[in-house]
Amino acid sequence: MAHHQLDSLDKKILRLIAEDARIPFLEVARICNVSGAAIHQRIQKLSNLGVIKGSQFIIDPEKIGYETCAYIGLYLKQPEDFDRVVNELKKIPEVVECHYTTGGFDMFVKIYAYNNHHLLEIIHDKLQPLGLSRSETIISFHASIDRQLPITDFEEEIEEEE
């Protein structure tokens with residue numbers, strides 16, 4: 001994975017837009033003491049580099065009826081089916097994340113369900129047919145921390161530690 005060197009203006013812009021994706025570019029420009037055109041150019045550069053992956057509204061799943069959040073470790077009968085299974089998981093709207101991990105699991109997914117009964121249906125009717133040997137489910141009662149990764153001066157922190 002490519003690591004991109006960000007200057008102080010890039011980091012300031014990222015901090016501002018991570019805090020509020022709807023902040024007007026002219027407001028960012030004013031805070032950063034640069035022109036609006038400079039902000040547009042920097043945002044475009046950061047988008048082209050893949051540092052910024054877009055902007056979105058965050059919908060609270062619980063507010064629209066999804067009361068159960070679960071993390072499920074999947075064990076595949078045939079681990080070489082990983083790519084096929086990922087493509088099938090993409091078709092299940094309740095699956096919001098899928099990770100290829102170390103450890104015992106072949107895959108680790110995050111799912112939202114209306115309730116525990118709905119979660120059971122998803123596991124039984126949608127996940128098991130994908131070729132699982134078994135699965136392990138952890139239900140989350142509440143996310144105590146849910147945030148973006150902070151924009152820090154990582155390089156400077158490493159130098160200070162040495």
Is there a path of hydrophobic side-chain contacts, each under 4.5 Å between heavy atoms of I, L, V, M, F, W or Y residues, that connects [X] with [Y]?
X      : Y      : value
Leu9   : Ile17  : yes
Val95  : Tyr75  : no
Ile72  : Tyr114 : no
Tyr71  : Leu89  : no
Ile138 : Leu74  : no

Listed partners of [X] passing side chain to side chain donor-acceptor pair (under 3.5 Å), at least two apart:
X      : value
His142 : none
Asn115 : none
Gln128 : none

If you round to the nearest 0.5 Å, how far is [atom2] of [Y] from [atom1] of [X]?
X      : Y      : atom1 : atom2 : result
Gln44  : Asn48  : CD    : CG    : 4.5 Å
Ile123 : His118 : CD1   : NE2   : 11.0 Å
Leu130 : Gln78  : CG    : CD    : 13.5 Å
Leu16  : Ile31  : CG    : CD1   : 5.0 Å
Arg15  : Ile151 : CZ    : CD1   : 7.5 Å
Leu119 : Cys69  : CG    : SG    : 9.5 Å

Tell me which pairs pass salt bridge (Lys or Arg N to Asp or Glu O under 4.0 Å) where either residue lies in residues 54-83, with sequence neighbours left out.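 Checked against salt bridge (Lys or Arg N to Asp or Glu O under 4.0 Å) - neighbours excluded - the pairs reaching residues 54-83 are Asp81-Arg84.
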
Of all pairs that satisfy salt bridge (Lys or Arg N to Asp or Glu O under 4.0 Å), the ones with a partner from residues 39-57, not counting sequence neighbours: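 Passing the test, one end in residues 39-57: Asp7-Arg42, Asp10-Arg42, Asp10-Lys45.
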
Residues two or more places apart in sequence or in another chain: which of them pass salt bridge (Lys or Arg N to Asp or Glu O under 4.0 Å) with [X]?
X      : value
Lys126 : Glu94
Arg134 : Glu136
Glu88  : Lys91

Could you check whether atom CG of Asp146 has more than 12 heavy atoms from other residues, nucleotides or ligands sitting under 6.0 Å from it? no

Answer with yes or no whether the side chains of Glu121 and His117 bring together a donor and an acceptor at under 3.5 Å. yes

Show me the donor-acceptor pairs within less than 3.5 Å that the side chains of residues 96-111 make with the rest of the protein, sequence neighbours left out.
unit_1 : atom_1 : unit_2 : atom_2 : d
Glu97  : OE1    : His99  : NE2    : 2.8
Asp106 : OD2    : Leu76  : N      : 2.6
Lys110 : NZ     : Tyr112 : OH     : 3.4

Looking only at heavy atoms, which two atoms of Ala143 and Ser140 are closest? And how far apart? N-OG, 4.3 Å

Please, which pairs that meet side-chain hydrogen bond (donor to acceptor under 3.5 Å, both in side chains) have at least one residue in residues 22-33, sequence neighbours excluded? Glu27-Arg30

Kindly write out the residues that satisfy side chain to side chain contact (heavy atoms under 4.5 Å, CB included) with Ile59, not counting sequence neighbours, or none if the list is empty.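 Partners of Ile59 by the side chain to side chain contact (heavy atoms under 4.5 Å, CB included) criterion, ordered by chain and then number, come out as Ile64.
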
If we only count heavy atoms from C-beta on, is the Leu26 to Ile39 side-chain gap below 4.5 Å? no

Any Leu127 side-chain heavy atom under 4.5 Å of Ser135 side chain: no

Could you list who else is in Phe141's hydrophobic cluster, with ILVMFWY side chains joined at under 4.5 Å, directly or through other members? none

